[in-house]
Structures are given as structure tokens and as C-alpha cells.
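Let me begin by presenting the structure, written as C-alpha cells, before commenting on it.
Because the structure is predicted, anything quoted here is derived from the model rather than measured.
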Amino acid sequence: MRNVALVLSGGTGDRMGGGTPKQYRTVAGKPVLVHTLERLERCSAIDGVFVIASPQWTDRILEWKEAFGLEKLLGAAPAGANRQLSIRNGLLAARRFMDGDEGAGVMIQDAVRPLTGVRLLEDLMENLREAACVMPVLPVTDTTYTSEDGRWVSGLLERSALYAGQAPEAFRYWPYLALYRDTPEAELSSMSGSCQLPYQAGWNVKMIPGERENIKITYAADLKICELLLHGQEESL
């Protein structure tokens, strides 16, 4: 069975500021994206990787492929106007690599998750044997409220039934491609997470334990936390 990973790297980093998108900033001596790709490089369950990015970054990404020995990186595809259209572009770009393999799997990863454990990556792909859609989750530990106006509490949610989804997520490639190919662009653009479309289409989404350290870099403070964690992991190797 052939498995591919699509790494979504089209973000502009508006919430962080400072010009260079967060996935291309240097942390612990390497661009954030390179750390993310190196995790996939070490994952025995992944056979090939495509980065979905703004075309202006394609040459730089291919330079990093050579500089850091990213042998599984097969190429780059253009980012779409939003996450869902980027996923569609990546699925279409990977098709030539997947042809002839009906049991193929695809992983959707964020470029800004450089701390995802290799064991989690492998567990995701292993669970595709019994589910068409697999997502890592963490139990919600804080008391969670709802508010109709953003000022006053209007309800309380049952914490024991709440889970926070993480990336990456894994899917059986061909059915997932068909969903993205056949769903109108306007409908796709109204969605957010990678599992939302298959869930709404009636797929059963399997949950597996996520990782606390699998943080998504969003704000400047996250870069500092990530650097400390990366240095800590290197020292423990």
C-alpha cells in the first residue's frame, strides 16, 4: 500500500506579523517546514510527500529538499485560496504517484506542526486498515461554556464528551479524492477542518490519542515554545 502526505504550507502568517510566514521562519537551526518534513522523512508508513505552497516559495522548498536530504519530498503544488482548496490541489497533484494502488492512504499535515511524533504518524496510517478517516484528539480539560453574545454565559458543555482535534489526519486516498473532486468549490470553502467534509458525507471518523507536544505554531510565543521543545527532544536522542 502506497501512502502520501500533503503538507499544507500556504498560510501567510498574518496573525504573527513580521513579514515571513511562520512556516518558513528558522527555529532550532532550520525552517519550521523542514522540521515538519523531517518527521515525515523518518516515518516508515509514508512513501512520498507533497508540499502545498504559494508558488513564490517553490524554488526555496526544493533547495531545502537538497540541503536537508528530504528524499521523500516529491514536489510542490500551488496553494488554493483557503485550506480546503489547497487540499484539493494537493490531492490532484499526488494522483500520478498513487495511480494503480487502490488501497492508498493520504495524510493531511500542517506545515506549522514541527513537533508531531513519528509514532503518531505511523499510528494514523496503521488505523486506516479499519477506518477510512482517522483523527488524533485530546480530551478537553477545561470547563467549557457557550455564549450567545460573547459577553454572558448561556450554557455549559459536558466536558467528558468533548475532544480537541489535531492534525495530521489520515484518509483512504481515492474516496477522499472523490469527495474533494465532486464537491462544489463554494461548499468546500465554507468548511474548515480536514475531517469536516467526510464527516458530513456520512463517513465514520475514528479518533486516536493525540499528543500534547503536537502544537500548532500560530503566534510569536509559539515559536519560542517550539524551539525549547525541539532542543529538548534533540538532547534526549
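Cluster membership check: Val7 does not share its hydrophobic cluster with Ile217, using side-chain heavy-atom separations under 4.5 Å among Ile, Leu, Val, Met, Phe, Trp and Tyr. With hydrophobic clusters built from ILVMFWY side chains whose heavy atoms lie under 4.5 angstrom apart, Leu70 does not share a cluster with Leu62. Hydrophobic clustering keeps Val51 apart from Leu74 (ILVMFWY residues linked when any side-chain heavy atoms are closer than 4.5 Å, directly or through intermediates). Tyr180 and Ile52 end up in the same hydrophobic cluster when Ile, Leu, Val, Met, Phe, Trp and Tyr side chains are linked at under 4.5 Å. Val34 and Tyr24 fall within the same hydrophobic cluster, defined by Ile, Leu, Val, Met, Phe, Trp and Tyr side-chain heavy atoms under 4.5 Å apart, directly or through other members.
Among residue pairs with one or both ends in residues 69-83, those qualifying as salt bridge (charged side-chain N to carboxylate O under 4.0 Å, His left out) are Arg83-Asp110; sequence neighbours excluded. A salt bridge (charged side-chain N to carboxylate O under 4.0 Å, His left out) check over residues 126-147, counting only residues at least two apart or in different chains, returns the pairs Glu126-Arg129, Glu130-Lys206. Residue pairs meeting the salt bridge (charged side-chain N to carboxylate O under 4.0 Å, His left out) criterion with at least one member in residues 166-190: none, sequence neighbours excluded.
Between the CD atom of Glu38 and the CH2 atom of Trp64 there is a distance of 12.0 Å, given to the nearest 0.5 Å. With values rounded to the nearest 0.5 angstrom, Glu66 atom CD is found 13.5 Å from Ile61 atom CD1. Interatomic distance, Trp57 CH2 to Glu63 CD, rounded to the nearest 0.5 Å: 10.5 Å.
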task = For the pair Ile87 and Leu197, evaluate side-chain contact (heavy atoms from CB on, under 4.5 Å) and give the outcome as yes or no after the intermediate values.
result = CA-CA 11 Å; Ile87 291 174; Leu197 178 59; over 6 Å; no

task = For side-chain contact (heavy atoms from CB on, under 4.5 Å), just list the numbers for Leu40 and Met107, CA-CA rounded to whole Å, side-chain angles, deciding distance to a tenth of an Å, and then say yes or no.
result = CA-CA 10 Å; Leu40 294 166; Met107 178 184 292; 3.9 Å; yes

ask   = Does the pair Val112 and Leu8 meet the rule for a side-chain contact (heavy atoms from CB on, under 4.5 Å), with working shown?
value = CA-CA 9 Å; Val112 290; Leu8 304 181; over 6 Å; no

inquiry  = For Met207 and Tyr163: C-alpha separation, side-chain torsions, deciding distance, then whether side-chain contact (heavy atoms from CB on, under 4.5 Å) applies.
reply    = CA-CA 9 Å; Met207 302 190 306; Tyr163 295 86; 4.1 Å; yes

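Side-chain atoms of Ser154 come within 3.5 Å of backbone atoms of Thr146 as a donor-acceptor pair (strictly under, hydrogens ignored). When atom types are taken as modelled, the side chain of Asp47 and the backbone of Asn3 share a donor-acceptor pair closer than 3.5 angstrom. A donor-acceptor pair is defined here as one N or O able to donate and one able to accept, closer than 3.5 Å; no such pair exists between the side chain of Ser194 and the backbone of Ile108. Using modelled atom types, one side-chain atom of Thr36 and one backbone atom of Ala111 make a donor-acceptor pair closer than 3.5 Å. No donor-acceptor pair closer than 3.5 Å links the side chain of Asn89 to the backbone N or O of Ala77.
Checked against side chain to side chain contact (heavy atoms under 4.5 Å, CB included), Asp99 has the following partners two or more places apart in sequence or in another chain: Arg95, Trp174. With sequence neighbours excluded, no residue forms a salt bridge (charged side-chain N to carboxylate O under 4.0 Å, His left out) with Glu41. Residues meeting the side chain to side chain contact (heavy atoms under 4.5 Å, CB included) test with Thr26, sequence neighbours left out: none. Taking the side chain to side chain contact (heavy atoms under 4.5 Å, CB included) definition, one finds that Pro198 meets it with Cys133, Phe171, Tyr176, Leu179, Trp203, sequence neighbours left out. A search for salt bridge (charged side-chain N to carboxylate O under 4.0 Å, His left out) contacts involving Glu102 returns nothing, not counting sequence neighbours. Legend: residues meeting side chain to side chain contact (heavy atoms under 4.5 Å, CB included) with Leu138, ordered by chain and number and at least two apart, are Gln166, Arg212. Remark: Glu213 pairs with Gln233 by the side chain to side chain donor-acceptor pair (under 3.5 Å) rule, at least two apart or across chains. Applying the side chain to side chain donor-acceptor pair (under 3.5 Å) test to Gln196 and every residue at least two apart in sequence or in another chain returns Ser192.
Of all heavy-atom pairs between Ser54 and Ala79, the closest is N-CB, 4.0 Å. Minimum interatomic distance between Glu227 and Ala28 (heavy atoms only, all atoms of both residues): OE2-N, 3.0 Å. Gly105 and Met125 make their closest contact through C-CE, 4.1 Å (heavy atoms, listed as atom of the first residue, atom of the second, distance). Scanning both residues, Arg25 and Leu223, for their nearest heavy atoms gives CD-CD1, 4.0 Å. Here the closest non-hydrogen pair linking Trp152 and Ser147 is O-OG, 2.7 Å. Across every non-hydrogen atom of Gly165 and Val137, the tightest pair is CA-CG1, 4.1 Å.
Looking only at side-chain heavy atoms (C-beta outward), Lys22 and Val32 stay at 4.5 Å or farther from each other. Side chains of Leu92 and Arg88 form a contact here, defined as non-hydrogen atoms less than 4.5 Å apart.
Ring-plane geometry between Phe50 and Phe97 is classed as perpendicular, the angle between the planes exceeding 60 degrees on a 0 to 90 degree scale with a lower cut at 30.
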Extract all donor-acceptor atom pairs below 3.5 Å that involve side chains of residues 116-124 and protein atoms in other chains or at least two apart in sequence.
residue	atom	partner	partner atom	Å
Thr116	OG1	Gln109	NE2	3.0
Thr116	OG1	Arg113	O	3.3
Thr116	OG1	Asn214	OD1	2.6
Arg119	NE	Asp123	OD1	3.2
Glu122	OE2	Ser44	N	3.3
Glu122	OE2	Ser44	OG	3.1

